[in-house]
Protein chains: 2
Amino acid sequence: VVAVTANPGPVAPSRGALRPVGLHQVQLTGGFWGQRQAVNGTATIEHCREWLDRLGWTGNFRDPNAALRRRGREFSDSEVYKLTEAACWETARPGGHPHGELLAEFTALAAGAQAADGYLHTGYGRPGQPARYSDLNFGHELYCVGHLLQASVAAARTGAAPGLLDVARRAADHACTQFAHSGFCGHPEIEPGLVELYRVTGEERYLAQAAAFIERRGHRSLPEHEFGWRYFQDETPLRTADVFGGHAVRALYLANGAVDLAVETGDEDLLAAVIRQFDRTLARRTYITGGVGSRHLDESFGDDFALPPDRAYSETCAGVATIMLAHRLLLATGDTRYGDVVDRVLHNVIAAAVADDGRSFFYAHTLHQRTPAEVPPAEHEQLRFGGGQRAPWFEVSCCLTNVSRLLASLGTYLATEDDNGVQIHQYAPTRIEAAGMSLEVATAYPDAGDVTVTVLAAPADERTLTLRVPQWAGGGTHVERRVFTPGEQVRLDLAMRPRWTFPDPRVDAVRGCAAVEVGPIVMCAESIDQEDGVRLDELQVDTAVAPEANAVKGRSIRPVDEPWPYRNDRTTAEGPEPIVVPLVAYHRWARRGPSTMRVWLPTTPS
Amino acid sequence: VVAVTANPGPVAPSRGALRPVGLHQVQLTGGFWGQRQAVNGTATIEHCREWLDRLGWTGNFRDPNAALRRRGREFSDSEVYKLTEAACWETARPGGHPHGELLAEFTALAAGAQAADGYLHTGYGRPGQPARYSDLNFGHELYCVGHLLQASVAAARTGAAPGLLDVARRAADHACTQFAHSGFCGHPEIEPGLVELYRVTGEERYLAQAAAFIERRGHRSLPEHEFGWRYFQDETPLRTADVFGGHAVRALYLANGAVDLAVETGDEDLLAAVIRQFDRTLARRTYITGGVGSRHLDESFGDDFALPPDRAYSETCAGVATIMLAHRLLLATGDTRYGDVVDRVLHNVIAAAVADDGRSFFYAHTLHQRTPAEVPPAEHEQLRFGGGQRAPWFEVSCCLTNVSRLLASLGTYLATEDDNGVQIHQYAPTRIEAAGMSLEVATAYPDAGDVTVTVLAAPADERTLTLRVPQWAGGGTHVERRVFTPGEQVRLDLAMRPRWTFPDPRVDAVRGCAAVEVGPIVMCAESIDQEDGVRLDELQVDTAVAPEANAVKGRSIRPVDEPWPYRNDRTTAEGPEPIVVPLVAYHRWARRGPSTMRVWLPTTPS
């Protein structure tokens, strides 16, 4: 029996530059993220549970022998596990909304569907179903187990779902036996799950199996597929690759597992390999929002600098996985720029993903909506990804439960501690208990840049309080070291001057364009805010004029419609009229009905 | 029994502004297209036959009850039919390479696999197979029949494949009975097949069934799918749509059938609807090459002006279908601008699609290859579409047989006739017999712009000789009307000055870029021609200097690699060095090994 952790959180490395704080140490007390976390706990979790029941994805567990009636895709089991994880964190966090009934029921579902040998997936191996492990590329069997393991870690550390850890151990043991000598899942996820299960249980076998899965990959041993081995990260070993490639979520989950493994085994080469790939991915394959994945076809990273705004995929799950990875690297290295990454993805991907009521969602995050969504999604299953409108559910609905488990555990991503003191990486109204200090953070971030840390309690000896200074405010850290006394305050004032941002000239898709950022927030122009007759595809902005927080200067151009859109002279637009182009935070778009939108604004010729 | 036509060709409308010429009337005697037509006849047809046999796609017909052993995708039968059509034209054309054995064998295959009630598809309806018409969205059953009908038309008109017309009629009769009251195929193709079969047989039932299929479509009656009804052209009736949308080949095959139907029934509204949609598609949804389809995910037209060069799909089949459609509209209306479309697509899509030896092919036509193809495709099935390298075959191999049937019948697309005389639309070394005239065309087109038409024989009364003047040479026609005498010549000298071409400002993906065209040829820069150290993604060209035929002036820029590719100041590239950027015809790219390539060249800031 594993004892409930005093300090539960999703990732607990045994070494590293910084130590994570647990759910009980950082409490969101309101503000931008506190509000979202509350909505997640009171609305999103129940919303997801209703859909899982309605579509029969929980029913698959109840009726495991009814092969012909099985509902959902190969990975639908994982939604049950991810929602279990979310409910554990939500139930356990201070001020959280309890979900005990859901947790008891879902734990029983998993236990009931598990085979005697530990195998657990509702879609394979029973009469009328495909054989176990008959489709390693797309079967998602170990992927689902990986999410089960992560849920069981949350269950074990919080005590919120007794019994789930036993189910997970049996499933992990089965996987270790089955894949003792060869094979791995087309979709990574079990790797970070196994390492974390090792951290919870101390069972070395799980760590060794994670290592085996990671090292076996990259030698083109999966069956050939039209998307290529890169799609599955099976083209090049992770240890030697230069950049993340293929299916973005697969690549990022694998990298998460690799960091966990490298930290536990002291494998500096492996850690360096992930850092190298993440660095190059940030430099060449990441949208201004922090989103990744530029191809709809195979949900993959595109080539370097191939970042089309109108076909940005930037899946919500890839945003979640990026935050998980950046957080792990922050813990391993202490490098504050990983905090910048978390900040950017939180405020421009995660914040955009969920509707205000917590009941509809973006799966993909376009940066340029050319035509308004035709109709709001009806109250039935929503099949399409890129419609410019948040939807209540998707046939592939991985993102909803993923963002839910992130939001429920968000406190653990905001700060860290070490032997010297506390590091605050993300700014939100919070109570922090770490390194013997009790702190209260007051801020209107990201709407304003003021941050006030009030010391509520502190030990009699020196402590270091480290505050991340975002790259856009100069970068680095603000550090104070002394004996802190209750009542004293440390203030940070991050100047939130709106700024023009220009792309590297190799980003072909947005050549001749500029964007506006305000603090961590990427802005966009949304059609609903524009003056009558101003079309977002027929304007140019003037970057010689400094942007204001909510508007820039520009002109409306009037392209001439020709029978053929290629001419032998440069067109001079007819009658350019000076206009003001109102802007809105990107994460706020599509909340007021169908609209067109663009982040990157064509500029007047210099 | 239908008599063999003296004048066979793929499309024979009973009315229209211009009349088509048949295979026996226009003979390619050499040059750019004569060479390609010869390679098609002597290499490509046999190459395709070998692959059809090797992969078992012909074997599916021989062994129709072996459901579990069936090979290939739902549409593999259609490759057998399209190759049959190609072989008919090739066998019948003057100077063609005979394929009698193939035609006898393939005719027997089709006849042998046909059910007693006329149904013909190797993948449905037998024990162990899905039920007939159980998947209208993707089953491709009527699609395959459509290609059978077109092949049978070629067989009937050329006499090259006796017996095939009977098979086709039984299949068409079955389809008419089965779909008398409702339903249609997710992939249009039977519609133009039915109208042409009506033209061959006079059977009104086929025309009525084509009309029914076209009118039923567009009311969202196919099963819902994540790609949306637009993918299947089932979102809006063709009669009221404004622009082609959804899957490009589906949209274009449907439009072909609609023109055929409109012409036979005198339905001017329907014809106008197609023209309206084609016009808008050319103005907003067509690449500079004439290629269409800008999304890999669903092989679809993208939104207006969404034309990314690096993710251009521009499927070869869509090019073939565009030529078929433009030719039909040319015949219906006499409008010479449709000849411009054929010219552009032939020289920049079709010419690019086939390797010099006629044994490897592009399926998709990117306009920007960012990374060199990794390895030349091996001599086994090639699964990938966009690798920057022509491949011998594809899992979805529609394009090979499609381009083969086009090339074998290419003569019929080059000229037309009417009561007044002859219209020459495409320039190639040819012998033309039309409107009582015998003409010889000598030209080095598209490598040079000289065209000399020598009158070999002419009647004693007046004739009009009309030569299309391409849009880039001023547009319109060169017309001579008189009593022509043998030996006299009409010359056209189309000035082939290289020219800069600029995109409409709404084509976001190539903002700030220019391309070079020479006559009908779109040029590109290919890495293999560049000086050492010049990278195609790190150059700017100077459009103030007129382009030469094979090179432009520019500079090599050196972007600075930063950890984050978005900056708050416009980057000035370090050390710009003046360079010459060699160019090559786009259709010649990737013939000298793996390379990078771009059509649209970033320009120096003006």
Side-chain angles (χ1 to χ4, degrees), chain A residues 224-228 279 282-284 286 288 295-297 302-306 308-311 337 368 370-371 383-385 395 471-472 499-513 515 537-538 543 557 559 561-571 573 600 602 605-606, chain B residues 224-228 279 282-284 286 288 295-297 302-306 308-311 337 368 370-371 383-385 395 471-472 499-513 515 537-538 543 557 559 561-571 573 600 602 605-606:
Chain A
E224 192 171 7
H225 183 265
E226 68 171 281
F227 291 161
D279 283 353
L282 288 170
R284 294 173 174 238
T286 305
I288 188 174
R295 293 189 178 181
H296 281 241
L297 175 67
D303 292 331
D304 285 353
F305 301 112
D310 54 349
R311 293 295 282 167
R337 68 199 176 89
H368 181 183
R370 291 174 179 273
T371 55
L383 295 160
R384 298 182 197 97
F385 294 162
E395 184 187 0
Q471 202 62 43
W472 48 264
R499 58 194 191 276
W500 286 116
T501 302
F502 303 91
D504 185 288
R506 291 166 291 190
V507 185
D508 292 287
V510 292
R511 178 173 287 109
C513 293
D537 291 329
E538 299 180 2
T543 57
I557 63 170
D561 280 322
E562 302 271 5
W564 183 241
Y566 309 102
R567 298 167 55 107
N568 299 120
D569 51 354
R570 277 181 206 270
T571 312
W600 290 103
S606 56
Chain B
E224 192 171 9
H225 183 265
E226 67 171 282
F227 291 162
D279 283 353
L282 288 170
R284 293 173 175 238
T286 305
I288 189 174
R295 292 189 179 180
H296 281 242
L297 176 67
D303 292 331
D304 285 353
F305 302 111
D310 54 349
R311 293 295 281 168
R337 70 200 174 88
H368 182 183
R370 291 174 178 272
T371 55
L383 294 160
R384 296 181 198 98
F385 295 161
E395 185 187 359
Q471 201 62 42
W472 49 265
R499 59 195 191 275
W500 286 115
T501 301
F502 303 92
D504 186 287
R506 289 166 292 189
V507 185
D508 292 287
V510 292
R511 178 173 287 109
C513 292
D537 291 328
E538 299 179 1
T543 58
I557 64 169
D561 280 322
E562 303 271 5
W564 183 241
Y566 310 102
R567 298 167 54 106
N568 299 120
D569 50 355
R570 277 181 207 269
T571 312
W600 290 104
S606 57

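Per chain, numbering begins at 1; letters A, B, ... match sequence-line order.
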- line: By side-chain contact (heavy atoms from CB on, under 4.5 Å), B:E538 pairs with (sequence neighbours left out) A:R506, B:R535, B:I557, B:R558, B:P559
Roughly how far, to the nearest 0.5 Å, is the [atom2] atom of [Y] from the [atom1] atom of [X]?
X: A:R570; Y: B:T543; atom1: CZ; atom2: OG1; answer: 4.0 Å
X: B:R567; Y: B:E562; atom1: CZ; atom2: CD; answer: 4.5 Å
X: B:D508; Y: A:D508; atom1: CG; atom2: CG; answer: 13.0 Å

- request: Sort A:A509 into side chain, backbone, both or neither according to what part of it lies under 4.5 angstrom from a heavy atom of chain B.
  value: backbone
field: Segment of A:D304 engaging chain B (4.5 angstrom heavy-atom cut-off)
entry: backbone
query: Counting heavy-atom pairs under 4.5 Å to chain B, which of A:T286, A:V510, A:V507 comes out on top?
result: A:T286
Largest heavy-atom contact set with chain B, pairs under 4.5 Å, which of A:R337, A:H368, A:Q471: A:H368
Count the heavy-atom pairs under 4.5 Å between each of [options] and chain A, then report the option with the highest count.
options: B:I288, B:D310, B:D537; result: B:I288
options: B:G302, B:C513, B:A283, B:P602; result: B:A283
options: B:W500, B:F305, B:W564; result: B:W564

message: Given heavy-atom pairs under 4.5 angstrom as the criterion, report whether the side chain, backbone, both or neither of B:P308 touches chain A.
response: neither
query: With ring centroids as reference points, do B:W472 and A:Y566 lie under 6.0 angstrom apart?
result: no
field: Donor-acceptor pair, side chain of A:R511 and main chain of A:P505, under 3.5 angstrom
entry: yes
